[in-house]
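When a ligand or atom number is given, it counts from 1 through the structure's own listing order.
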Amino acid sequence: MPEKLKLVLVGNGMAGVRTLEELLRLAPDLYDITVFGAEPHPNYNRILLSPVLAGEQTLDDIVLNAFDWYREHGITLHAGCTVVDVDRARRVVRADDGTEAAYDRLLLCTGSRPFVLPVPGAGLAGVIAYRDIADTQAMIEAARAHRHAVVIGGGLLGLEAAHGLRQRGMQVTVVHRGQWLMERQLDRDAGKLLRSALEARGIAFALQAETQAMVGPEGGRVQAVRLADGRALPAELVVMAVGIRPNIELAQTMGLHCERGVVVTDTLQTVTDARIYSVGECAQHRGVAYGLVAPLFEQAAVAANHLAQMGLGRYPGSLTSTKLKVTGIELFSAGDFLGGEGTEEIVLRDPEGGAYKKLVIRNDRLVGACLYGDAADGHWYFELLREGRDIAALREQLMFGRQAASRGTA
Ligand SMILES: Cc1cc2nc3c(=O)[nH]c(=O)nc-3n(C[C@H](O)[C@H](O)[C@H](O)COP(=O)(O)OP(=O)(O)OC[C@H]3O[C@@H](n4cnc5c(N)ncnc54)[C@H](O)[C@@H]3O)c2cc1C
């Protein structure tokens, strides 16, 4: 039997392991696979950390591939092992504990790092980011022992953190720079509805507010967050959810061309070294580094296809859509939801019923959607948007959803 090729995956997260799953389906015997993961856990569904924080699921529920899965597929897993060096000439990776592995193909899937505001006191105990199991456990622990939490950032992640901590009994204030919540996914009207719904659940907000410092004794635990307007919000737990940065430190030390992320081609190979692929939040494709799972899975399919030596697929980039995982709050947004010159808007407002729906159209094509209250048709709108379908014939019924439209065109 000819010797198998060696594939090493750096980063045991959602994008990397998805690529392996696809590869094993296409070419189960092509590679000897070794995986390095900095976290001590098997592959889990990071998205579902929010329901775990809210007490709706357990950590066991969110494991995607348990340790057995690696064994069953003959994959060598080094969990809790961070790769610190890659010698591209010898084609060998080295981890922090000295473990080495040789490769013919390397898959870099190191994800992102949360951005930590460089304010005084950011290093105090109790000031954390929200990215992994360890962060989630720290938040659950803090909720048992303490009363006040401040979440900095009113985007998707920050609001899910705030909801989870509130569910665990903390008094939570969200500090947000923007004029309304989730301004990158929602327009002002939908943002206001969301704020009211979260206030009704007991979450407080400081909008258009600038964080100046974390207050606490040196070397001790945080006690408050001071804002630029002079207010001090009590907090024994501060969660920073102000954005992520592609994790490209290793790629940079390897001499791979990086901009915001590791720059890759349409086959997800790095532009510097064709033996090295990069998929996920660490990769930058056609100028974009994505921060949601759906595009990463599309990338994974193409990379796997190429690694399987089928060479068929090309990744053209992705359109993204957003949902919030706060039980009982339905919202969906995709595309150019703000509209503007050259676009037309169809808007339905039902403030009493807490519903809001805005569709943005350009040249008889749906280009954006922002739904609050009833998001059941989100997927359908997203299909129309992605396919760039001519919606002229559906126009009258479009606002009332897929069912109404199929009746209207029948
Ligand atoms: C709380 C939360 C909720 C989210 N909710 C949603 C959602 O609702 N919808 C959505 O689409 N997306 C959501 N996301 C984003 C989604 O989880 C990410 O887009 C996705 O996990 C990125 O996959 P990835 O493989 O690129 O990175 P990751 O899943 O972060 O995996 C990267 C892995 O690489 C490891 N690593 C890094 N460097 C090294 C190294 N040198 N050596 C070894 N290992 C290394 C890291 O420890 C990590 O385990 C959420 C994220 C969080 C944190």
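- In C109, the part holding a heavy atom less than 4.0 Å from any atom of ligand 1 is the backbone.
- Between E330 and Y372, the closest side-chain pair of non-hydrogen atoms is not below 4.5 Å.
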For side-chain contact (heavy atoms from CB on, under 4.5 Å), just list the numbers for I128 and L237, CA-CA rounded to whole Å, side-chain angles, deciding distance to a tenth of an Å, and then say yes or no.
CA-CA 8 Å; I128 61 168; L237 173 69; 4.2 Å; yes
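- Applying the side chain to side chain donor-acceptor pair (under 3.5 Å) test to every pair with at least one member in residues 144-159, sequence neighbours left out, gives these pairs: E141-R144, H146-R221, H148-E236.
- Contact check on E199 versus K192 returns no salt bridge, with no Lys/Arg side-chain nitrogen under 4.0 Å from an Asp/Glu carboxylate oxygen.
- Those atoms of ligand 1 that come under 4.0 Å of a heavy atom in G280, given as number and element, are 26 (O).
- Residues T211 and V119 share a closest heavy-atom pair of O-CG1, 3.9 Å.
- Using a 4.0 Å cutoff on heavy atoms, C81 counts as a contact of ligand 1.
- In terms of polar-atom proximity, V83 is counted as a contact of ligand 1, with an N or O under 3.5 Å from an N or O of the ligand.
- For atom 35 (C) of ligand 1, the closest non-hydrogen atom of the protein is G11 CA, 3.8 Å.
- Counting only non-hydrogen atoms, the option in V293, D85, L108, N43 that gets closest to atom 20 (C) of ligand 1 is V293.
- Checked by distance only, ligand 1 and E160 stay at 3.5 Å or farther apart across all their nitrogen or oxygen atoms.
- A79 and F67 get closest at one heavy-atom pair: CB-CE2, 4.3 Å.
- Scanning both residues, F337 and A369, for their nearest heavy atoms gives CB-O, 3.8 Å.
- At a threshold of 4.5 Å between non-hydrogen side-chain atoms, the residues V215 and L124 do not count as touching.
- Protein heavy atom at the shortest distance from atom 14 (N) of ligand 1 is I47 CG1, 4.1 Å.
- Residue contacts with ligand 1, taken as heavy atom pairs separated by less than 4.0 Å, involve Y130 via backbone and side-chain atoms alike.
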List the steps and the verdict of salt bridge (Lys or Arg N to Asp or Glu O under 4.0 Å) for E21 and R25.
CA-CA 6 Å; E21 287 175 340; R25 212 168 35 79; over 6 Å; no
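- Distances from atom 23 (O) of ligand 1 to the heavy atoms of L296, I133, L49 show the closest one on L296.
- In terms of polar-atom proximity, defined here as any N/O pair under 3.5 Å, R46 does make such a contact with ligand 1.
- With respect to R105, the side chain to side chain contact (heavy atoms under 4.5 Å, CB included) criterion is satisfied by exactly one of R91, K6, R275: R275.
- Of the protein's non-hydrogen atoms, R131 O, 3.6 Å is the one closest to atom 53 (C) of ligand 1.
- Applying the salt bridge (charged side-chain N to carboxylate O under 4.0 Å, His left out) definition to pairs two or more places apart or across chains, none involves residues 161-172.
- For atom 51 (C) of ligand 1, the closest non-hydrogen atom on the protein side is L157 CD1, 4.1 Å.
- For ligand 1, the atoms sitting less than 4.0 Å from at least one non-hydrogen atom of E39 are 47 (O), 48 (C), 49 (O), numbered in the order shown with element in parentheses.
- Put simply, the residue from R88, M254, H257 that forms a side chain to side chain contact (heavy atoms under 4.5 Å, CB included) with D273 is R88.
- Atom numbering of ligand 1 starts at 1 in the shown order; those under 4.0 Å from a heavy atom of G291 are 15 (C), 19 (O).
- Residue L250 places no N or O, backbone or side chain, under 3.5 Å from any N or O of ligand 1.
- Contact annotation: for V10 versus ligand 1, heavy atoms closer than 4.0 Å belong to the side chain alone.
- Evaluated by nearest non-hydrogen atom to atom 18 (C) of ligand 1, the leading choice among E281, H41, M14 is E281.
- If you number the atoms of ligand 1 from 1 as listed, the ones under 4.0 Å from a heavy atom of T110 come out as 32 (C), 34 (O), 37 (C), 38 (N), 39 (C).
- Of the protein's heavy atoms, G111 CA, 3.3 Å lies nearest to atom 27 (O) of ligand 1.
- Less than 4.0 angstrom separates some heavy atom of G13 from each of these atoms of ligand 1: 25 (O), 29 (O), 31 (O), 33 (C).
- Only the side chain of N247 comes within 4.0 Å of ligand 1, judged by heavy-atom distances.
- Between the side chain of R46 and the backbone N or O of M14 there is no donor-acceptor pair closer than 3.5 Å.
- Between K325 and ligand 1, a contact under 3.5 Å exists for at least one N or O pair.
- Of all non-hydrogen atoms in L227 and A209, the two that sit nearest each other are CD1-CB, 4.1 Å.
- Per-residue contacts place T82 under 4.0 angstrom from the following atoms of ligand 1 (heavy atoms of the residue considered): 40 (C), 41 (N), 42 (N), 43 (C).
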Check against side-chain contact (heavy atoms from CB on, under 4.5 Å), T34 and I75
CA-CA 6 Å; T34 304; I75 298 171; over 6 Å; no
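- Under a 4.0 Å criterion applied to the non-hydrogen atoms of A15, ligand 1 contributes the atoms 23 (O), 24 (P), 25 (O), 26 (O).
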